[in-house]
Structures are given as structure tokens and as C-alpha cells.
Number of protein chains: 2
Amino acid sequence: MKTPKEPMKKPRNLKSAPDTKSKIIRAVGKVLAKQGMREIGINHIAQVAGVDKVLIYRYFGGLAGLLKAYSDSGEFWPTREELLAGITFDGTQAITHAFFEQQLRNFSAAIQKRALTQEILRWELIEQNAMTRALAETRERQTLELIAGYQDMLGGADIAAITAVLSAGLIYLTLRSKSVDTLNGINLKDEQGWKRIEDAACLLLRGIPLKAQP
Amino acid sequence: MKTPKEPMKKPRNLKSAPDTKSKIIRAVGKVLAKQGMREIGINHIAQVAGVDKVLIYRYFGGLAGLLKAYSDSGEFWPTREELLAGITFDGTQAITHAFFEQQLRNFSAAIQKRALTQEILRWELIEQNAMTRALAETRERQTLELIAGYQDMLGGADIAAITAVLSAGLIYLTLRSKSVDTLNGINLKDEQGWKRIEDAACLLLRGIPLKAQP
DNA sequence: TTGACATGTCACTAATAGGTGACATGGTGC
DNA sequence: GCACCATGTCACCTATTAGTGACATGTCAA
């Protein structure tokens with residue numbers, strides 16, 4: 001038996017629902033970045049947001065709705081511009097291996113700096129929910145758009161599969177780097193080790209046959 | 001208030017500790033394979049094993065000890081023989097790209113058929129515990145041994161990094177295939193899609209410079 | 001035979017999870 | 001002024017979690 005508190009100690013701010021909703025959504029990001037998916041739960045989010053959990057049910061219908069709302073709220077994947085940074089390509093030159101190599105290095109850097117994205121990628125491996133599904137779809141669409149333009153610049157190689165293998169490799173090594181220091185004797189926690197990895201990926205890239213220049 | 005049961009309904013089998021221990025350890029594998037790491041807990045394991053959870057504390061000291069015991073109990077990683085299956089190599093021939101390609105395909109198949117290993121790999125991305133640490137160490141040692149012999153057969157390429165990238169790619173795509181149907185437009189749930197992936201990886205492999213034959 | 005020990009059963013605690021019902025309060029439209 | 005409704009607070013529920021203490025019973029050694 002608990003002794004009831006004096007009700008209404010804090011006067012609520014009326015008409016503050018949008019503010020409250022945003023506090024809740026931001027709390028999802030906070031928890032995800034700091035503790036990872038394991039700590040995502042109604043009670044914990046409510047506590048971090050400084051909000052009563054009942055409001056999560058009222059405003060988002062529950063955890064699933066909240067996650068969906070969260071996934072609609074931010075930039076979780078490298079943009080096309082980010083991937084093409086440092087590349088001058090006007091569409092008229094012949095495509096070179098260096099063109100792909102730069103994108104690969106940009107991709108690697110982009111993934112590594114997004115701690116939140118890494119958490120979401122981890123989550124996607126464990127379970128499906130409204131959020132992971134929505135994000136995966138968006139990503140799939142963006143990637144397909146990007147690589148569609150490259151297919152006929154190659155000498156018949158399967159650009160989708162090549163991209164899949166290499167980006168998967170970089171993603172996995174990035175995710176793994178949080179929980180382990182070295183893999184195959186490579187230090188995943190310093191720049192030197194990552195240079196080895198990216199260099200290796202670029203070397204592999206050289207196996208792709210490009211279309212002969214016209 | 002619960003009504004106390006008649007004590008000792010089931011007569012216990014005396015001297016059955018080894019049997020009980022084994023039941024508990026097997027339960028870890030069962031739960032891991034069927035429900036994944038999320039369901040690994042003292043209560044659940046005890047229930048699946050059909051055993052009182054107190055015995056887990058007594059015999060293994062808790063969850064950590066149990067996981068360590070489990071990790072010592074099985075084959076979770078492809079053996080050297082499995083990787084080299086279908087390859088005839090007596091150490092005297094010059095090494096070829098086909099040699100590496102076959103190993104890559106063997107590795108891909110080996111990972112894909114080990115549902116339990118996949119769960120453990122997922123787990124390693126989420127947390128560290130006695131079990132994941134022990135398994136990762138064993139794996140690291142085996143891999144280093146295997147590739148050490150290859151380094152000087154190559155024309156100066158970083159075999160450790162290349163292996164890391166490609167196997168990481170295959171692992172990630174395998175793990176991802178449980179929760180998603182297509183990635184980059186590739187169907188991860190049928191053989192055709194996996195043929196595209198393995199072919200792409202083999203194509204990449206062709207970028208590695210081999211040592212000129214003497 | 002007796003006593004120590006290994007094995008196993010059960011009841012219990014404390015913490016935390018997800019989820020719901022009741023209610024106070026203040027702004028808004030009538 | 002009055003009734004409605006959005007906002008917010010709180011107390012409660014049931015399930016499940018990890019972990020511990022108490023005790024019954026069969027086996028084995030002395």
C-alpha cells in the first residue's frame with residue numbers, strides 16, 4: 001500500500017502536446033544511442049523523456065507507433081551527396097575504378113560516424129518492427145536508385161551484388177568494432193586498421209571489369 | 001499466498017547430475033536456435049531443460065558460467081577441412097584464383113547452414129559475455145592460422161584484410177537474410193540470389209594479384 | 001547404523017516490464 | 001456560466017525476471 005502523493009504537484013503546461021511528443025521521440029534517439037536497442041521500452045523511454053508513460057500510449061498508440069514516428073524523424077542513412085563527396089563526375093567521362101573507390105571510402109566513413117545508424121543496423125538483425133521495416137525500405141529504394149545508373153557503365157558485372165557484398169562487409173566490420181578490438185589480426189579500433197580494410201576493399205574493386213571506352 | 005504443494009511428487013533420480021548438466025547445456029542450444037539470444041535467461045532455460053533453476057546456479061554459478069560451458073561444448077565454426085572441401089592442393093602447385101574462390105563458396109555454405117552460429121554472431125554484435133568472448137577468441141586463432149600460410153603466395157596483397165572484408169560481407173548478408181527478403185534487389189531467401197552474391201564475391205577476388213609462378 | 005553430502009523441490013523476495021482505469025485541471029466553444 | 005475535451009498525474013494490475021533460503025531424500029563412507 002502506497003501513500004498517495006499530493007496530486008498535481010507540477011502544474012502541467014496546457015497545449016503542450018507537440019512539445020511532449022517531441023520530447024518522447026528525442027528520448028528514443030537518446031536511449032538508442034547511449035544504451036542500444038536492449039533498453040528500448042515504454043517505461044525507460046518515458047523516464048528518459050521525463051514524461052508519464054500513459055502519454056506514449058495516448059499519442060503513439062504504443063511502442064510500435066512511437067518507433068514508426070521516430071523513424072520518420074531523422075536522417076539515418078548517408079545521402080547521395082555524402083557518398084559522392086570529393087568526386088567530380090559530369091556523366092560524360094568514362095567511369096574509372098577510382099570513381100567507385102572514392103564512394104566506397106565515403107560510405108565507410110559515413111557509416112562509422114553514425115552511432116545511431118549502427119544501433120539501428122544491429123537492431124535490424126535481431127528483430128523486425130515498424131521502425132526497422134520503414135528504415136530498411138527507404139534505404140533499399142535509395143540504394144537501387146543510386147546503382148541503377150551504374151549498371152550499364154560496367155562490363156556486364158552485377159553491380160547490385162557487388163555493392164551488396166562490399167557494403168555488407170564494411171557494415172559488419174563497423175558493427176563488430178564496437179564489441180571487439182581485433183579481427184583477423186586487424187585493429188578495428190584505430191585508423192590504421194581501417195585503412196587496411198578500406199585498401200583491401202578497394203583492391204577487390206579492381207577485379208570489376210569496366211566498359212571499354214568508346 | 002500459495003498453497004504449498006505436496007513435496008517430492010516426482011522422485012528425483014539420484015546421481016544424475018551429469019545428466020542434468022547436459023540437459024541444461026542442451027537447452028541453451030535449443031533456445032538459441034529457436035528463439036535467439038533475446039530469450040536466453042535463467043528462468044527460460046530452466047523451463048526448457050525441465051529442471052529447477054536453482055540447479056543452474058549450483059552447477060554453473062549462474063548464466064555466465066553456463067554460457068561458458070555451452071561454448072566449450074560444440075562445433076560452432078567451419079573447420080579447416082570444411083573450408084578446403086573439393087580442393088586438391090598439395091602445396092607444390094602455384095596458387096590460383098580458383099583456389100580462393102572455392103574456399104569462399106565453402107565458407108558461404110558453411111555459415112548459411114549453421115543456424116546456431118548465426119545466432120551467436122548476432123549476439124556478438126549486441127553484447128559481450130563469457131560465451132561470445134570465448135568463441136570469438138577461438139575463431140580468431142583458427143582464422144589466423146589458416147591465412148598465415150597464404151600471405152606469401154600473394155603478390156603483396158593484405159590477405160588478412162581481404163579475408164576480413166569478404167567474410168564479413170557474407171556473414172552480414174547471411175544474418176540479414178533472416179529478417180529481410182531482398183537487399184539491393186537481390187533475393188536473399190533463394191539460391192539464385194545467393195549465387196549472384198557468391199559470384200560477385202568471386203569476381204572481386206579476381207582483383208587480387210597473385211605471385212608470379214617461378 | 002549414523003552422519004555427511006549431493007541432488008532436487010519449492011516458496012519466497014525484490015525489481016522491472018507492459019498496460020489500464022480513475023481523476024484533476026485548465027482551455028475552448030456554446 | 002457551463003459542458004466538453006485535451007493534457008497530464010497517479011495508483012494499480014498481472015507477468016516475468018534474477019536470485020536466495022529452507023528443506024526433503026537417496027547414496028555413500030565411516
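Reminder, nothing fancy here: chain letters follow the sequence lines and each chain counts from 1.
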Could you give the side-chain donor-acceptor pairs of residues 45-55 of chain A under 3.5 Å, partners two or more places apart or in another chain?
residue	atom	partner	partner atom	Å
A:Asp52	OD1	A:Val54	N	2.9
A:Lys53	NZ	A:Asn43	OD1	3.0

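The CD1 atom of A:Ile45 sits 15 Å away from the C1' atom of C:dT16 (whole-angstrom rounding). Summarising the geometry, the separation between CG on A:Asp19 and P on D:dA6 is reported as 19 Å, rounded to the nearest angstrom. Protein atom OH of A:Tyr57 is 17 Å distant from nucleotide atom P of D:dT9, rounded to whole Å. In this structure, B:Gln47 places its CD atom 9 Å from P of D:dT16, rounding to the nearest Å. Remark: P of C:dG19 and CD1 of A:Ile56 are 11 Å apart, rounded to the nearest angstrom. Atoms CG (B:Asp52) and P (D:dT17) sit 14 Å apart, rounded to a whole Å. Across the protein-nucleic acid pair, A:Lys21 atom NZ and D:dT7 atom P stand 7 Å apart, rounded to whole Å. Rounded to a whole Å, the CG atom of B:Leu55 is 14 Å from the P atom of C:dA6.
The distance between the ring centers of B:Tyr150 and B:Phe99 falls below 6.0 angstrom.
Within 4.0 Å (heavy atoms only), A:Val54 reaches at least one base atom of the nucleic acid.
Applying the salt bridge (charged side-chain N to carboxylate O under 4.0 Å, His left out) test to pairs two or more places apart or on separate chains, those with a residue in residues 191-202 of chain A are A:Arg105-A:Glu198, A:Arg105-A:Asp199, A:Lys195-A:Asp199, A:Arg196-B:Asp158. Sequence neighbours left out, the pairs with a member in residues 75-86 of chain B that pass salt bridge (charged side-chain N to carboxylate O under 4.0 Å, His left out) are B:Glu82-B:Lys113, B:Glu82-B:Arg114. Among residue pairs with one or both ends in residues 162-186 of chain A, those qualifying as salt bridge (charged side-chain N to carboxylate O under 4.0 Å, His left out) are A:Glu119-A:Lys178, A:Arg176-B:Glu124, A:Asp181-A:Lys189; sequence neighbours excluded. Residue pairs meeting the salt bridge (charged side-chain N to carboxylate O under 4.0 Å, His left out) criterion with at least one member in residues 32-43 of chain B, sequence neighbours excluded: A:Glu127-B:Arg38.
Residues of residues 35-44 of chain A that place a heavy atom closer than 4.0 Å to DNA chain C, in numerical order, are A:Gly41, A:Ile42, A:Asn43.
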